[in-house]
Amino acid sequence: MTNREIARTLDHIADILQFQEENPFKIKAYRQAANSIYHLDEDIAYLYEKGRLDEIPGVGKSIKSKIEELIEKGSLECYERLLTEVPPGLLDMLAIPGVGHKTIRVLYEQLGVTNRDELLQAAQEKRIRLLPGMGSKTEFSIIKGIEMLEQYSQKNTLGFVLPMGQKMLAFLKDMENVKAASLAGSIRRGRPLVTDLDIVVAADDEAAVRCRLSHYRGIKQITGSEAGHIHGFLQFNIPFEVIILKPGEYCLGLFLSTGSKQHLARLFPVGTPAGLESCRSEPDIYANLGLDFIPPELREDQGELEAAAAGELPVLIERGDLQGDLHCHSGWSDGASQLAELGEAARDMGYSYLAITDHSGSLAISGGLNQERLAAQGREIDQLNQQWEDFMFLKGTEVDIFRDGSLDYDAETLEKLDVVVASIHTCFQLDREKQTQRLIQAIKDDNVDIIGHLTGRLLNRRPPYELDMEEVLATAAKSKIILEINSHPDRLDIDAQLARQARDMGIKIAINSDAHLKNDLRLIHYGIINARRGWLGKEDVINTGSREAVIAYLKNNE
DNA sequence: GCCGTTTTCGGCCCGACTGTTTTCAGTCG
């Protein structure tokens, strides 16, 4: 049992208890434990072996015994029992925006709805509006929500699948017989949402690889096994496919398995030409075709072939180009790590600066800082900054943009800060005109440096809010505002396409982690992938600059 | 169900928004 599986099980228990209207604090306890386990540094099975389970915050006597049962037996009796007490489609329905536990309970009790399909049918038949407290708008938003989920139903975020892929890849590479191995397909191209996990392996002895794979604990089921090819499902029903090739076939095989289909179709309209089998690297293959090497992230038929032919591909940004991070949260608001820990983690990543941008006061649940606490935080930062020579915190905020476009701090407060990220966290439903004007007012504000997660989308969960993007980008370019690529794998906001469009208009980009705990600083990896997919080079990204350059840029822009 | 410099019981992030009401319940962040 992995950390994620155990966290998910505890979360499901919380969902069922909530549906059953159990004690809210008991429910909260399960969620808290699930959250801690999800974010653990160490493998929970290791903590179990060492007898250290009670070191996990939020894990007490009762939950500890449940974790032990899960690790020892692979299942949990009380969870199995709870599952029989509720409609089987319950957890699926919770994913619909605006539909919570209470709504599901009413739908179940009054209409007998037990899953998403039945709910959609009830909405289409206008039966939901007959229920107390629900009307035509609720009905409409349920239909919309289900349609959105259907769209994504077969996809998982890169942030969820990539770590599983890397683990499986490492397991295969660890084998002496394996000469080379790589992720392939959409996961190698770094798409934000992926349907399956593809791995290409080079080995002389195929049978040995098959044998090794059959011992991989991450595999839930093998559904097919033909020559050179194994497929099935990993944990959480993620489909996987492993292609086993002779070392001489590996390079071309990897290239073809990486795609995209559109990229390959443009390259080879009448089939793969002879002669490529002898290539020993992907750059060789492209050279053979008269093209510069095209990195996997660009292989989407978005003009990369023309650029490669003309020698005009950009030099893409790399993780090592970043010198700092301009958006993260500490224990002062809703972050889980203290300032000192964040500083050490950022230094370990080779950064020379990290902007602390906790929430502003109006975001009460996130422990938003009022002006007094912001000032107190500033004093702690001053103190900590004295201990490092090669690193410093920048003082910042993620200030809330109110419904009317005004900001949660006054100008005087904002002027004193090094970095002002302004973001929308409320009123996602405003109409296009109002939402656009709201954002534009913030963009035009002299004290705002960066707009955080511009579109507000959450992959698989929430569509972006309505915006006139042309107007927003035009204003951003004119105001010299920086747009953020928020690296959280559930956001990746702005997306690659928008990032490329912004870059073409001369808008600078900041690649930020929006970390809420020290380990999440490493989520920056996903932002880098996203930026590469948006054709961004080092020069397009503000936080590739030195500390002095970034501070100077932000000051001059005011 | 967890936790403790308010410690073995009694408390446990809270306010805004939405859709439905006509004063509020549910959801969300």
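Computed from heavy atoms alone, side chains included, the values below leave out hydrogens, waters and symmetry copies. To find a chain, count down the sequence lines: A is the first, B the second, and so on, and within it residues start at 1.
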Does a side-chain N-to-carboxylate-O contact under 4.0 Å join [X] and [Y]?
X: A:Glu5; Y: A:Arg8; value: no
X: A:Glu69; Y: A:Lys66; value: no
X: A:Arg31; Y: A:Asp11; value: yes
X: A:Lys395; Y: A:Asp358; value: no
X: A:Lys64; Y: A:Asp54; value: yes

Would you tell me whether A:Thr436 and A:Glu471 have side-chain atoms, one donor and one acceptor, within less than 3.5 Å of each other? no
Side chains of A:Asp495 and A:Gln497: do they bring a donor and an acceptor to under 3.5 Å?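 Looking only at side-chain atoms, A:Gln497 and A:Asp495 do not form any donor-acceptor pair under 3.5 Å.
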Write down the distance separating the [atom1] atoms in [N] and [M], rounded off to the nearest Å.
N: B:dG26; M: B:dT20; atom1: C1'; value: 11 Å
N: B:dT8; M: B:dG1; atom1: C1'; value: 14 Å
N: B:dC2; M: B:dT6; atom1: P; value: 23 Å
N: B:dC17; M: B:dT23; atom1: C1'; value: 16 Å
N: B:dT21; M: B:dT27; atom1: P; value: 16 Å

Separation of [N] [atom2] from [X] [atom1] (nearest whole Å):
X: A:Asp334; N: B:dC14; atom1: CG; atom2: C1'; value: 13 Å
X: A:Gln429; N: B:dT18; atom1: CD; atom2: C1'; value: 8 Å
X: A:Lys61; N: B:dC2; atom1: NZ; atom2: P; value: 10 Å
X: A:Phe402; N: B:dA16; atom1: CZ; atom2: P; value: 9 Å
X: A:Phe140; N: B:dT20; atom1: CZ; atom2: P; value: 12 Å
X: A:Lys66; N: B:dC2; atom1: NZ; atom2: C1'; value: 12 Å
X: A:Ile67; N: B:dG1; atom1: CD1; atom2: P; value: 13 Å
X: A:Ile37; N: B:dC2; atom1: CD1; atom2: C1'; value: 13 Å

For DNA chain B, the residues among residues 11-24 of chain A that have a non-hydrogen atom under 4.0 Å from it: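 Going residue by residue through residues 11-24 of chain A, the ones with a heavy atom under 4.0 Å of DNA chain B turn out to be A:Asn23.
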Please list, by residue number, the residues of residues 113-134 of chain A whose heavy atoms come closer than 4.0 Å to an atom of DNA chain B; answer none if no residue qualifies. A:Gly133, A:Met134
A:His327 and side chain to side chain contact (heavy atoms under 4.5 Å, CB included): which single residue from A:Asp514, A:Asn543, A:Val419 fits?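 When A:Asp514, A:Asn543, A:Val419 are each tested with A:His327, the side chain to side chain contact (heavy atoms under 4.5 Å, CB included) holds only for A:Asp514.
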Neighbour count >12 (heavy atoms, 6.0 Å) for atom CD, A:Glu125: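 Count over threshold, so yes.
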Give me the distances for all protein-to-nucleotides 26-29 of chain B N/O pairs that come in under 3.5 Å?
unit_1 : atom_1 : unit_2   : atom_2 : d
B:dG26 : O3'    : A:Thr103 : OG1    : 3.2
B:dT27 : OP1    : A:Gly100 : N      : 2.6
B:dT27 : OP1    : A:Gly100 : O      : 3.0
B:dT27 : OP1    : A:Thr103 : N      : 3.0
B:dT27 : OP1    : A:Thr103 : OG1    : 2.5
B:dT27 : OP2    : A:Lys102 : N      : 3.3
B:dC28 : OP1    : A:Gly98  : N      : 2.7
B:dG29 : OP1    : A:Arg462 : NH1    : 2.5

Parallel, tilted or perpendicular for A:His425 and A:His359, by the 30°/60° rule? perpendicular
Mapping A:Phe25 and A:Pro57 onto DNA chain B by nearest heavy atom, which one lands closer to the 5' end?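 On the 5' side of the pair lies A:Pro57.
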To check you understand the geometry: which heavy-atom pair defines the closest contact between A:Ile507 and A:Ile481, and what is its length? CG2-O, 3.6 Å
Would you say A:Thr138 reaches B:dG19's phosphate, i.e. side-chain N/O to OP1/OP2 under 4.0 Å?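 So the side chain of A:Thr138 is outside the cut-off, no N or O lying under 4.0 Å from OP1 or OP2 of B:dG19.
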B:dT18 phosphate, OP1 or OP2, under 4.0 Å from A:Arg403 side-chain N/O: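 Result: yes.
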Does A:Arg105 make a cation-pi contact with A:Phe19, if we ask for NZ or CZ under 6.0 Å from the ring centre and within 45° of the axis?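 Relative to the ring axis of A:Phe19, which defines the angle, A:Arg105 lies inside both limits.
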Ring-face cation contact, A:Phe428 with A:Arg462, 6.0 Å cut, 45° max: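 Yes, A:Arg462 sits over the ring of A:Phe428.
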Please classify the nucleic acid contact of A:Ser136 as base, sugar-phosphate, or nothing, using heavy-atom distances under 4.0 Å. sugar-phosphate
Answer for the Watson-Crick or wobble partner of B:dT8, both distances under 3.5 Å, is none
